[in-house]
Each structure stands twice: as structure tokens, then as C-alpha cells.
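Here the structure comes first, spelled out in C-alpha cells, and everything after it is commentary.
Every chain is numbered from 1 and lettered A, B, ... according to where its sequence line falls, protein lines coming before strand lines. Side-chain atoms are counted along with the backbone in the values below, which use heavy atoms only and exclude waters and symmetry mates.
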Protein chains: 2
Amino acid sequence: MNVGEVAALAGVTVRTLHHYDRIGLLQPSGRTAAGYRQYAPADLERLHRVLLYRELGFPLEEVATLLSGDADPAEHLRRQHRLLRDRLERTTAMVAAVEKEMEARSMGISLTPEERFEVFGDWLPEEYAAEAEEKWGETEAWAQSQQRTRAMTKDDWLRVKAEGDDVEARFAGALRSGVAADSEQAMDLAEEHRQQISRNFYDCGYEMHAGLGRMYLEDERFTAYYERIAPGLAQFVSAAIQANAARHGA
Amino acid sequence: MNVGEVAALAGVTVRTLHHYDRIGLLQPSGRTAAGYRQYAPADLERLHRVLLYRELGFPLEEVATLLSGDADPAEHLRRQHRLLRDRLERTTAMVAAVEKEMEARSMGISLTPEERFEVFGDWLPEEYAAEAEEKWGETEAWAQSQQRTRAMTKDDWLRVKAEGDDVEARFAGALRSGVAADSEQAMDLAEEHRQQISRNFYDCGYEMHAGLGRMYLEDERFTAYYERIAPGLAQFVSAAIQANAARHGA
DNA sequence: CCTGGGGCCTGACGCAGCGTCGGGGTCAAG
DNA sequence: CTTGACCCCGACGCTGCGTCAGGCCCCAGG
């Protein structure tokens, strides 16, 4: 098949296919003598995946890496299925939010800004969610986390968030008061942190917790998160987690 | 509230707010003496709408016109609700498509490219759908059309599409054979076209049909659609529709 | 009082993902 | 052999921000 046909079939423009060719995302497996692009069935299959991932909001570069992985087709289908269901959920939540506001209006109540932005705020932007999905999607922990948070009501969620804030605040307090990161007090906080995660999200053993702690320093977004609470907090929390893991023999 | 707070609340960056200010999409209702942006509650409300429409895929410029309309808040909520439900449907369809493919795989069957791209192909790009929504969303005809197409199975849809293709092909044939646009034959085709619409989408009277015919010439996308089938077809169909409407006294 | 670090300001440039010409070959039907 | 549809490639344009850079503002702590 040549570009025009493929474009019509897939519902994209010829220019788009040219673009995908140029950036190497989808190169036709052949060319005619005259230089016409020739797309084979396998190319169509790839295009199909590209379009699905694109629709889900992945930047093209990531789509490329997603496809470059040696993953088999079934693997892609499973992933796409997960991502689509996440999106479904998210959209459902937005519908619910709008309905809530409609109801509030009809009853003459008006929501606070916080309530209104709820659905935007406490939601990881789709890209980040996708990245997390990509990184952890296959793990047991992720599945557990998805399942549990799905079941949470808003109140649950607020409670969980409050719990988290509390421990973070106490970590910050410890840091400020000059306690060492490998002190008993700090380690106890780390332990509490670990148990919180286990209770609210997924079974988090010492080793896993230690890995998480490392990530707090390696992923600058986590670092930034803690640094905003108090300077040096990322280091402190991470160190406390390592110490706690060590004392429990991990 | 100042930018940083608003940004944190709404889950966007400060830069985004600057941008919206610059392009006039969302200008803070005040500034401090030092030039700091000050956002009032009403600004937050507007931002909320902006973000929802943006999420739904509208370009910012259209978001601006959507918001510039004197429409009351309830009106926005209804519209957002409709758009979100459309998206929900679309996502559901995609989930179904992926599930279908998973099943096919597990049974060792493989789908044709057409089947695979179905969900992309016969779907008006979200932007266009949104535009149509914008233009016709309040009309009875649109509501009917939405309702009926929603209820259609895939086979229904293919049948409807085949019907349409058939009439179009016969229009093209008539044009090719030199029949006049106001001839009986052409008018009969137009009548068939009208009845098809009435049967499959919405009650389409002569006047409405005439309006539709005019749009075939005014909206270049419709023009392009017919011109692709046969050069001059847009004119021909439009004229035949006018003639048919006239003979029925519209 | 003054000083430092965070937040705010305004340009200005960069980048993804195409849309949209423009100039020029190619292919099949008549 | 022509004509109209289709293909090629290159280049510029546009949206919606991200990301510095240079400089002012604000207030808490010394």
C-alpha cells in the first residue's frame, strides 16, 4: 500500500505519515523505484499501535521506545487495555465531578475552589501516570495500589493524604531539631512511613522501601517534592529509610 | 490569590497562567502595586472551565470563544457534561476494540487492517465532533441524531454508511451522465437522501434539508468530501436538494 | 536595619507535531 | 501523449507551552 491508502485507512493525513517516517517512528518497509513509500501489513500493525499510544497522550518519542521494546503483541494489547481503562476511570470521575457541580448549582450551594479543582488537582497528569504505568505496570505492587486506590472514597483519600502529610511534617520537625537521620527517632518515622504505604497502597517490604528511598534522591521530582517541605528533607528521609531498612536486616 | 497559589491549586504551571494572561484567555482581575497578578474567585471559576475545555481537546482560541459567549454557567456545565459523555463513549469503544483484538488473538484469528482501524477511521476527529457539538448542540436534530447513533450496533452503522454511499454513487452517476440538477431524476435522489437522513439520524424537513444543501457549498470540508467522489458533485447535490425542496414548496 | 532566599515580573528562545504551500517527478486512463 | 490524481522533498508557520535569563519584591531572621 502507498501513503494515500494507508492514510485514508488509518484516518491520518499523508503528512503525518511523512513525519513518522522522518523521525523514524514508522518507516515503510519498502520503496518503489520511483521512491514511493510502500507499506506492508506489519507496518500497518505498527501504525495501529502508534496511533493508540498517541491517542493516550504519549509523546511520539516515548511511543517509539514503547514499541522498540522487544515486547510481544499480546503485551502491547494488555498495556493498551490498562491505559484505556485508566482513562475510562478518569473520564468517569470528571463526569461525576461535573454532575456534582450541576447538582450543587441546582440546590443553590456553591462549591469551594478546592472542591472544584479536585479532579484536576490530586490527579497525576496523564503523562506522569503513563510513565508510572510504564515503569511499574507489571509489578504486583502497582496492581495492588491501583486496586486499593480505586476502592477509596474521597474521605478515605483525604485521610490517607492527611496521614502522609503528618509523617512528612514530623520528618521535617526531626530534621529541623537536628536529629540524626540514623537516629532511633528518624528510623521510627521511616518505619511508620513504610507501614503507611503498606496499609494504604501496597505491601512494602524493607527492601522495596529502601528502593523507594533511593528514588527520592534520584528522581528530581520526588526530590523537589520533599525539598519544598523543607530543605534537605529529601536526603534526610532517604537516609532514615536506609537506616531503618538496615536495622531490620535488609 | 497570586499566581503560584492558583497554579498549585489548579495543577498547572505558573508559565501556563502567564501564557493565558498574555493571550487574553484568562486575565487576573487585578494586579498589586508591584505588578503581581491577583486572581479573584471568579477568575478561578473561569480557569476551571478553561481547563476542562482544554482537556477535552479544544484549541485555546476556541476555548476563548466558548467562554466569551454570554452563556450562563449552567449552560457550560451541560455542554461539558455532553462532551465528557461523548469521550466516555469513545473510550469505551476503544476498550471494546482492544478486547476484541485480544480475544481474536487468543483464538488464533487475526483481524484485517480495516477491522483494526475501525475505531480510528469512522470517527470524526474529536475536534470536529466538538465543533459540530458547538454548532448544533442545542438543536433538537442533534439530540435525536446523538440518541439514534448511540443506539446503533456496528452492523447498523455499516448499513447506514452503505446506504449513504449508494445514494452518493447514484448522484455521481447522474452527474456523469449529464442529467440536470433540477431534473426529476436528480430531485428524486435528493428526496431519497432526505428520507435517509430522517430515517437514520434526525427528522429532516425540506427546509432543513435545503439548509444542509447550502452548507455543502459553504463548508469546504463538505465540499471537499463530495468533490473527492466526483468533481462538481458538491454543486450538483446541493442544487438537486434545492430543487427538490422547491418542488415540495419549501 | 539589611540581607538572603523564595516568589514574582517580563522578554526571548526552543521544541513537538504536525498543516500548508511550492516546485517538481510519476502513473494510469483516455 | 496528455491530463489529472498522486507521490516526493524541503521549508516555513503555528500552537502551547518549557526553560532560561536578568531583575524587582517581600519578609523573616540575625
Side-chain angles (χ1 to χ4, degrees), chain A residues 1-28 30-39 47 50-51 53-65 125-128 176 220-221 224 227-233, chain B residues 1-28 30-39 47 50-51 53-65 125-128 130 172 176 220-221 224 227-233:
Chain A
M1 296 180 74
N2 50 18
V3 268
E5 294 168 327
V6 174
L9 179 61
V12 300
T13 69
V14 170
R15 180 63 176 84
T16 300
L17 294 177
H18 282 178
H19 186 59
Y20 292 171
D21 187 357
R22 191 71 80 69
I23 66 176
L25 179 54
L26 174 65
Q27 267 146 350
R31 293 271 190 151
T32 70
Y36 284 27
R37 272 164 259 253
Q38 286 295 108
Y39 291 85
L47 175 57
V50 167
L51 294 182
Y53 286 128
R54 182 187 73 168
E55 163 108 14
L56 286 168
F58 288 88
L60 297 184
E61 201 177 331
E62 263 180 68
V63 172
T65 72
E126 211 161 78
E127 317 136 36
Y128 181 66
R176 205 167 34 234
E220 54 180 14
R221 288 167 303 194
E227 291 301 306
R228 292 208 112 196
I229 301 174
L233 190 58
Chain B
M1 296 181 73
N2 51 19
V3 270
E5 294 167 327
V6 174
L9 179 61
V12 300
T13 69
V14 170
R15 180 62 177 86
T16 300
L17 294 177
H18 282 179
H19 187 57
Y20 292 171
D21 187 356
R22 192 68 80 69
I23 66 175
L25 179 55
L26 174 65
Q27 266 147 350
R31 294 268 191 154
T32 70
Y36 283 28
R37 273 163 259 252
Q38 286 296 104
Y39 290 85
L47 175 58
V50 166
L51 294 181
Y53 286 128
R54 182 186 74 167
E55 164 106 14
L56 287 169
F58 288 89
L60 297 184
E61 201 179 330
E62 262 179 69
V63 172
T65 72
E126 212 161 77
E127 314 135 36
Y128 180 66
R176 205 168 34 233
E220 54 179 17
R221 287 165 305 194
E227 291 301 306
R228 292 208 114 198
I229 301 174
L233 191 58

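Residues Pro28(B) and Arg37(B) approach most closely at CG-CG, 3.2 Å, considering heavy atoms. Closest non-hydrogen pair, Glu5(B) versus Asn2(B), comes out as OE1-OD1, 2.9 Å. Considering all non-hydrogen atoms of both residues, Ala7(B) and Leu17(B) come closest at N-CD1, 3.8 Å.
Between Ile23(A) and Thr32(A), the residue anchored closer to the 5' end of DNA chain C is Ile23(A), taking for each the nucleotide with the nearest heavy atom. Of the two residues contacting DNA chain D, namely Ala34(B) and Arg54(B), the nearest-nucleotide position lying further toward the 5' end is that of Arg54(B). Map His19(A) and Tyr36(A) each onto its nearest nucleotide of DNA chain C; the residue landing nearer the 5' end is His19(A).
Counting only heavy atoms from C-beta on, Arg15(B) has its side chain closest to dG18(D) among dC18(C), dC8(D), dG18(D). Across dC9(D), dC7(D), dC18(C), the shortest atom-to-atom separation from the side chain of Val3(A) is found for dC7(D).
Residue Arg37(B) has a polar side-chain atom (N or O) positioned under 4.0 Å from OP1 or OP2 of dC9(C). Between dG18(D) and Thr16(B), a contact under 4.0 Å exists linking OP1 or OP2 to a side-chain N or O. Between dG18(D) and Thr13(B), a contact under 4.0 Å exists linking OP1 or OP2 to a side-chain N or O.
No N or O donor and acceptor, one from the side chain of Tyr20(A) and one from the base of dG17(C), sit under 3.5 Å apart.
For the pair Val12(B)/Arg54(B), a side-chain contact is recorded, criterion being any heavy-atom separation below 4.5 Å from C-beta on.
Rounded to an integer number of Å, the gap from CZ of Arg22(B) to P of dG11(C) is 6 Å. Asp21(A) has its CG atom 9 Å from the P atom of dC8(D), to the nearest Å. Rounded to an integer number of Å, the gap from CD of Glu61(B) to P of dG16(D) is 8 Å. Following rounding to the nearest Å, Asn2(A) (CG) and dA5(D) (P) show an atom-to-atom distance of 16 Å. Between the CZ atom of Phe58(B) and the C1' atom of dT15(D) there is a distance of 16 Å, given to the nearest Å. Glu55(A) places its CD atom 15 Å from the C1' atom of dG17(C), with the value rounded to the nearest Å. For His18(B) and dG16(D), the NE2 to P distance is 18 Å, given to the nearest whole Å. Atom CG in Leu60(A) sits about 16 Å away from atom P in dC15(C), given to the nearest Å.
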(request) Take Thr13(A) and Thr16(A) through the side-chain contact (heavy atoms from CB on, under 4.5 Å) test and state the conclusion after the steps. (result) CA-CA 5 Å; Thr13(A) 69; Thr16(A) 300; 2.9 Å; yes

